[in-house]
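Report on one structure; see the data block that follows.
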Amino acid sequence: MKIFSFLLMTLVLMSCKNDIELVSATKQKVIPGLKSVGSYSNYIFKVDVKSDTNIVIHKILIVEDGSVFNPQPRIKKEKTAAYIDKITEKGTYFIEGSLRKGKFSLDEKSNLDTSNDKAIIYYTLNESEKKVEIKSFIKKIKTRR
């Protein structure tokens, strides 16, 4: 009986650690309709939050073409139009970072390996600092007219 209780408690604690789950990571190349405006990339991360919690996204670092970019992170709950500052309740959310001119800064102080494209999201989950590294993306092209 004690072993069963111990195993049950271990499973409960392990399930609590997975309050946030990455569903998909998309790298969207946007080609504007005006030729004078160059193309840029949007990174869209779809996450599932399993329980009411407090999640704050501090920064996103994106390694693309040998450079490290620090776009302004934006959070939006699924099926809503407004952006929010932090995640406080369960549901599906989109975390976005755009490499459009004026929407990012170069992070020259970073000592990340820049040989492969990747994204790193730095966040706080209930007072605990965490990060997640994403190395593969669904690639899409969006053409605007």
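For the residue pair Asp113/Ser115, the side-chain donor-acceptor check at 3.5 Å is satisfied. Side-chain contact, Thr53 with Asp19: no donor N or O sits under 3.5 Å from an acceptor N or O.
In terms of heavy atoms, Pro32 sits closest to Tyr40 at CG-CE2, 4.3 Å. Tyr93 and Ile84 get closest at one heavy-atom pair: CE2-CD1, 3.7 Å. In terms of heavy atoms, Val49 sits closest to Glu89 at CG1-O, 4.1 Å.
To the nearest 0.5 Å, atom NZ of residue Lys77 and atom OG1 of residue Thr88 are 8.0 Å apart. From Leu125, atom CG reaches atom CD of Glu127 across 10.0 Å, with rounding to the nearest 0.5 Å. To the nearest 0.5 Å, atoms CD (Glu133) and CD1 (Ile120) are separated by 4.5 Å. Atom NZ of Lys76 is separated from atom CD1 of Ile95 by 12.5 Å, given to the nearest 0.5 angstrom. Note that OG of Ser51 and CD1 of Ile20 are 10.0 Å apart. Values are rounded to the nearest 0.5 Å. From Thr124, atom OG1 reaches atom CD1 of Ile55 across 10.0 Å, with rounding to the nearest 0.5 Å.
Using a 4.5 Å cut-off on side-chain heavy atoms (C-beta onward), Lys135 and Asn116 make no contact. For the pair Thr92/Val47, no side-chain contact is recorded, criterion being any heavy-atom separation below 4.5 Å from C-beta on. Two residues are said to be in side-chain contact when any heavy atoms from C-beta on lie closer than 4.5 Å; Lys139 and Gln28 fail this criterion. Residues Ile134 and Ile121 meet the side-chain proximity criterion, which asks for heavy atoms closer than 4.5 Å.
Counting non-hydrogen atoms of other residues, nucleotides and ligands closer than 6.0 Å to CD of Glu129 gives a total above 12.
For the pair Asp48 and Lys90, the salt-bridge criterion is not met [side-chain N within less than 4.0 Å of a carboxylate O].
Hydrophobic clustering of Ile, Leu, Val, Met, Phe, Trp and Tyr side chains at less than 4.5 Å, counting indirect connections, keeps Val23 apart from Ile87. At a threshold of 4.5 Å between side-chain heavy atoms, the hydrophobic network of Ile, Leu, Val, Met, Phe, Trp and Tyr places Ile57 and Phe137 in one connected group.
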For Lys140 and Lys27, what are the C-alpha separation, side-chain angles and deciding distance, and is it a side-chain contact (heavy atoms from CB on, under 4.5 Å)? CA-CA 6 Å; Lys140 293 185 178 181; Lys27 178 182 177 182; over 6 Å; no
Without placing hydrogens or testing angles, list every side-chain donor-acceptor pair under 3.5 Å for residues 60-75, not counting sequence neighbours.
residue, atom, partner, partner atom, Å
Glu64, OE1, Ser41, OG, 3.3
Glu64, OE1, Tyr43, OH, 2.5
Arg74, NH2, Tyr83, OH, 2.9
Arg74, NH2, Glu96, OE1, 3.1

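Remark: side-chain polar atoms of Ser98 are paired, donor with acceptor, to backbone N or O of Arg100 under 3.5 angstrom.
Within the cation-pi definition used here (under 6.0 Å to the ring centroid, within 45° of the axis), Lys130 does not qualify as a partner of Tyr123.
Shown here are the salt bridge (Lys or Arg N to Asp or Glu O under 4.0 Å) partners of Lys131, two or more places apart in sequence or in another chain: there are none.
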